[in-house]
Amino acid sequence: MAGTKEIKNHIESVRETKKITNAMYLIASTKLRRARQELDNTRPYFQALQGEIKRIFRTANDVDSHYFYPPDGSPPLEGTYGCLVITADKGLAGSYNQNAIRAALRLLQEHPDTKLFVVGEYGRRFFSQHKIPIEHSFLYTAQNPTMQRAREISALLLDGFDQGNLKKIFIIYTDMENSVSFQARCTRVLPFHRTYFATAGEKQVTEPFEFVPDVRAVLNNMMPSYVSGFIYSALIDSFCCEQNARMTAMDSANQNAEKLMGELSLQYNRVRQAAITQEITEVSAGAKAQRQKKER
């Protein structure tokens, strides 16, 4: 059985660990608030951009672009897929990283000819350790995503898609459904169906629009901004989920530390009380032995 000194050292170690987990909880909560504010500030622009693409589809149904999914009856798209996997730079975030990696592994199992583009040190380390080739690793950190980084990622993916090297582009990111739950999603960004931008019950626009130089050129000019916006939203959303998962993990660690400290304190008091009782018993037995010796 451990002595009072060992138990006391254990209690002190748990207390120091609790200080660290509590500090990480506070840092994650601060980063989460900032990321949510950034997402709220930038989302209206990309929603407006998506609305403009809807207007193009409503006014020009015959527009043709390689960004569209082939119509029904066409041969399926075969070839190399590109997949952007967004993970964190470190662990201590519950199942956040593992959910994204499992989604990437499922896509690789369904379509082995998939090139991985990875954001986040955790994902890079996992795929490297498991000998899974990575087409391109974005070496900047997954922390504090910026629009400039989203444009760099978008430019690389669109270049492969425009040249025909990538037939489809997927993004695996983590979507925050609400403040307590999140889910890893595998979303196909390109090509997309026209119905993706359709809105049920929306009035059909009959007034003609003038596109300069033409509808296809306007759409092709808008798509890089749209893809960049989608990637930026995915980066921000994943970052919010990471911080939320870390807050949950650190809060659970704090509760476990409190529980463990209570159990150790109770054990410490029992051992200390047992030691005191043992000393009193020994003193009492010694005094009794001395009295018996004198009586003899």
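When each of Asp162, Leu190, Val189, Ile231 is paired with Leu157, the side chain to side chain contact (heavy atoms under 4.5 Å, CB included) condition holds for Ile231 and for no other. Checked against Tyr81 for a ring-ring contact (aromatic ring centres under 6.0 Å, His included), the options Phe117, Phe161, Phe170 give a single hit: Phe170.
At a threshold of 4.5 Å between non-hydrogen side-chain atoms, the residues His136 and Leu156 count as touching. Annotation: side chain of Ile171 is in contact with side chain of Phe230 (closest heavy-atom distance under 4.5 Å). A 4.5 Å side-chain heavy-atom check between Leu264 and Val14 finds at least one atom pair inside the cut-off. You'll find the side chain of Arg106 reaches within 4.5 Å of the side chain of Arg102, heavy atoms only. Two residues are said to be in side-chain contact when any heavy atoms from C-beta on lie closer than 4.5 Å; Asp175 and Cys241 fail this criterion. Looking only at side-chain heavy atoms (C-beta outward), Ile86 and Thr174 stay at 4.5 Å or farther from each other. Proximity of Lys115 to Cys83: side-chain heavy atoms (C-beta onward) are nowhere separated by under 4.5 Å. A heavy-atom distance below 4.5 Å is not found between the side chains of Phe127 and His130.
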(request) Show your working on side-chain contact (heavy atoms from CB on, under 4.5 Å) between Val119 and Val85 and close with a plain yes or no. (result) CA-CA 6 Å; Val119 174; Val85 184; over 6 Å; no
(request) Evaluate the criterion salt bridge (charged side-chain N to carboxylate O under 4.0 Å, His left out) for residue pair Glu16 and Lys19; output intermediate values, then yes/no. (result) CA-CA 5 Å; Glu16 292 299 323; Lys19 291 180 181 179; 3.5 Å; yes
(message) Quick one, Asp159 with Gln163, criterion side-chain hydrogen bond (donor to acceptor under 3.5 Å, both in side chains). Give me CA distance, side-chain angles, the key distance, then yes/no.
(response) CA-CA 6 Å; Asp159 184 63; Gln163 293 181 7; 3.1 Å; yes
(message) Under the criterion side-chain contact (heavy atoms from CB on, under 4.5 Å), I'd like the reasoning laid out for Thr30 against Leu26: C-alpha separation, chi angles, the key distance, then a yes or no.
(response) CA-CA 6 Å; Thr30 302; Leu26 296 176; 5.5 Å; no
(request) Would you check, one step at a time, whether the test side-chain contact (heavy atoms from CB on, under 4.5 Å) holds for Leu235 with Ile153? (result) CA-CA 11 Å; Leu235 290 172; Ile153 298 172; 4.3 Å; yes
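Across all their heavy atoms, Leu116 and Pro133 have their closest contact at CD1-O, 4.0 Å. Annotation for Lys167 and Pro191: closest pair O-CD, 3.4 Å, computed over non-hydrogen atoms. Tyr25 and Met250 get closest at one heavy-atom pair: CB-CB, 3.8 Å. The shortest heavy-atom contact between Thr87 and Gly123 is OG1-N, 3.0 Å. Nearest heavy-atom pair across Cys186 and Leu107 is SG-CD2, 4.2 Å. In terms of heavy-atom proximity, Leu158 sits nearest to Pro224 at CD1-CA, 3.6 Å.
With rounding to the nearest 0.5 angstrom, the CD atom of Glu135 is 9.0 Å from the CG atom of Asn165. Between the CD atom of Gln148 and the OG atom of Ser228 there is a distance of 9.5 Å, given to the nearest 0.5 Å. Atom CD of Gln129 and atom NZ of Lys131 lie 9.0 Å apart (nearest 0.5 Å). Atoms CG and NZ, from Asn254 and Lys259 in turn, are 15.0 Å apart once rounded to the nearest 0.5 Å. The line from CD of Glu263 to CD of Glu258 is 12.0 Å long, rounded to the nearest 0.5 Å.
Without hydrogens or angle criteria, Ser13 side chain to Asn9 main chain gives no donor-acceptor distance under 3.5 Å. Remark: side-chain polar atoms of Ser233 are paired, donor with acceptor, to backbone N or O of Gly229 under 3.5 angstrom.
A donor atom on one side chain and an acceptor atom on the other are found under 3.5 Å apart for Gln98 and Tyr122.
When the side chains of ILVMFWY residues are joined at heavy-atom separations under 4.5 Å, either directly or via intervening members, Leu108 and Val118 end up in a single hydrophobic cluster. By the criterion of side-chain heavy atoms lying less than 4.5 angstrom apart, applied directly or through intervening Ile, Leu, Val, Met, Phe, Trp or Tyr residues, Leu84 is not grouped with Ile132; the two fall into different hydrophobic clusters. Leu166 and Tyr173 fall within the same hydrophobic cluster, where Ile, Leu, Val, Met, Phe, Trp and Tyr residues are linked whenever their side-chain heavy atoms come under 4.5 Å apart, directly or through other members. In this structure, Val227 is a member of the same hydrophobic cluster as Phe138, with clusters built from ILVMFWY side-chain heavy atoms closer than 4.5 Å.
A cation-pi arrangement is absent between Arg124 and Phe126, since the terminal nitrogen or guanidinium carbon is not both under 6.0 Å from the aromatic centre and inside a 45° cone about the axis.
Listed by chain and number, the residues in a side chain to side chain contact (heavy atoms under 4.5 Å, CB included) with Ile27 are Lys31 (sequence neighbours excluded).
Here Glu12 pairs with Arg15 in a salt bridge; the nearest charged N to carboxylate O distance falls below 4.0 Å.
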